[in-house]
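Atoms within a ligand are numbered from 1 in the order they appear, just like the ligands themselves.
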Amino acid sequence: MSERTYLDHNATSPVRPEARAALLDALDATGNGSSVHGEGRATRSTIDTARRRVAALVGADPRGVIFTAGGTEADTLALTPDYQRGEEALAFDVLLVSAVEHAAVLRGHRFPADRVEVLPVDARGRVLLDALDAALERHAGEGRRALVSVMLANNETGVVQPVAEVARRAHAHGALVHTDAVQVAGRMPVSISDLGVDLMSVSAHKLGGALGAGALIAADPDLRPAPVFAGGGQERGRRAGSENVPAIAAFGAAAECAAACAEADAMRIHALRERLESALRCEFPELVLLVGDVDRLPNTSCLALPGVPAETVVIALDLAGVAASAGAACSSGKVAASHVLEAMGVPERIARSAIRLSFGWSSGEEDVDRAIGVFRRVVPGLLRRRAAA
Ligand code: PLP
C-alpha cells in the first residue's frame, strides 16, 4: 500500500511499541487476577502495576482507579445519581452537562432524561460559567443536589474547558464534579488535584494503548459510584467481571510512556499542527479554521471548505492517502451537523463541511508535508465541483 498519513488520533491512536510488548506478555501469561495461586498473583501484580502507572498519569491515588472497557464505560459509571463515600450514601438529584459533551456523557446515562440539564456554551465552545452558576444556585435553592460533568477538551474541536473553575464553583454549591479527560490524558500534562475534580474518565486507545481499556479515576478512593455490573468483587467491588488484563497492561505501559513525554510531545505536536494550519490557510483562503484563537488541544484542527460536504472532503483525502474525519455525525444513513458546532452557533452550511485533522504521538514532519501535498491535489477539484453544483 502507498504511504498513508494518519491524521485521526482523536478517533484512535496507533498502539505504542511499549504497549504492544506489554499486551503480548500479558496474553502469554495464564491466571485470573482473583485466583490465589502463583499464576493468579502474577496477573494481579500486572494489573496493579498498570493501576499505578495510570494513576501517575493524572497524579491520582492508585486506589481511586477503576478499570473499565474504555472511556464510554468510564463515563457511564460516573453518571449515576447513586454514590457512596465510605459508608455514607450520596444521592444526586440532577445532572448538569455542557452542550458540547461527547455522546457518552450527553445522554446522562442512569439519570432520567428529565433530570439532565444541558448548559450552553459560547461561540468558541466553552461552557458559560454564568449559566452554570445560575443552575447551581437554582437547584441548591430548591434543595436539589447536583452532579456536574464538563469535559476537559472537546474531541471535535480540541477546545479546552475551564474545568478547574467549573469545579470550584460547583463545589461551592455542594456538587460533585466529573470531567471526561479522554482526549487530554496522555497528550498534555493533567493533574486531577490541580483541576480539583472528583472524578475523571480516561481511555487507553487515545494515548497509544489498546482498544478495550479505560478508567474512571476518583480523587478520593473512598468515593464509589453505584456499579453498572453486578457480579464478582473485582475493582474493589466497583466494576465486576474478570479484568481485560492484556488491554490493562498495555494501558499501563502506554500511560507510562505518555506521562514521560507529554510535555515535550505536546510542544512538538503543536508545532506540526501550526505548520499545517498556516500552510493550508495561506494556500487556500477558502478554508475556514472553525476554532483558532482559543485554548485548545495542541493536536486538533477543525476546518471547513464551506459548501463542500465534510464526507466528500474526507473521502477525497482518504483516496489520496490522508485519514481524516468528518466533524459531522452519521446515523441511520443521514448525515447530521455536529451537535458541538451547532451549540457554538456555527452556521449549518459551514458545520456540514467541518473536518477534523488530529495529530498524535506517532506523527512527524513527513505527515505535515504529505498532508499539504494531498490538499494541493484535492482542494482545487473540490472547489470546481462546488462551483459547478
Ligand atoms: N469521551 C470523549 C471525549 C471521546 O472523544 C471518546 C471517544 O472518541 C469517548 C469519550 C469514548 O471513549 P471510548 O472510545 O474509549 O469508549
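For ligand 1 and Gly70, the ligand atoms under 4.0 Å from any heavy atom of the residue are 15 (O). Taking every non-hydrogen atom of Gly71 and a distance limit under 4.0 Å, the qualifying atoms of ligand 1 come out as 12 (O), 13 (P), 15 (O), 16 (O). Near Asn155, meaning under 4.0 Å from one of its heavy atoms, ligand 1 places the atoms 3 (C), 5 (O).
Side-chain contact check for Asn10 and Ser325: no donor-acceptor pair (N or O, by modelled atom type) lies under 3.5 Å. Remark: the Glu73 side chain and the Thr76 side chain contain no N/O donor-acceptor pair separated by less than 3.5 Å.
In this comparison of Glu156, Met151, Lys206, the heavy atom closest to atom 8 (O) of ligand 1 sits on Lys206.
At a heavy-atom distance under 4.0 Å, only side-chain atoms of Asp75, from C-beta outward, approach ligand 1.
One finds no salt bridge joining Arg281 and Glu277 here, because no Lys/Arg side-chain nitrogen approaches an Asp/Glu carboxylate oxygen to under 4.0 Å. Under a 4.0 Å N-O distance rule, the pair Arg53/Asp48 does not qualify as a salt bridge.
Among protein heavy atoms, the minimum distance from atom 14 (O) of ligand 1 is reached at His205 NE2, 2.9 Å. Regarding atom 5 (O) of ligand 1, its nearest protein heavy-atom neighbour is Gln183 NE2, 2.8 Å. Remark: minimum distance from atom 16 (O) of ligand 1 to any protein heavy atom is reached at Thr72 OG1, 2.6 Å. The single protein non-hydrogen atom nearest to atom 4 (C) of ligand 1 is His102 CD2, 3.2 Å, given as residue, atom name and distance. Closest to atom 1 (N) of ligand 1, if we only count protein heavy atoms, is Asp180 OD2, 2.6 Å.
Put simply, no part of Glu101 is less than 4.0 Å from ligand 1, judged by heavy atoms.
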Problem set entry | Check against salt bridge (Lys or Arg N to Asp or Glu O under 4.0 Å), Arg370 and Glu366 | CA-CA 6 Å; Arg370 280 204 296 264; Glu366 65 287 359; 5.5 Å; no
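Under a cut-off of 6.0 angstrom, the local environment of CZ in Arg20 is sparse, with at most 12 non-hydrogen atoms contributed by other residues, nucleotides or ligands.
Among His173, His171, Glu165, the single residue meeting the side chain to side chain donor-acceptor pair (under 3.5 Å) criterion with Arg169 is Glu165. For the side chain to side chain donor-acceptor pair (under 3.5 Å) with Ser201, the qualifying choice from Thr179, Asp180, Asp75, Thr68 is Asp75, the only one to do so.
Annotation: Ser203 places an N or O atom under 3.5 Å from an N or O atom of ligand 1; distance criterion only.
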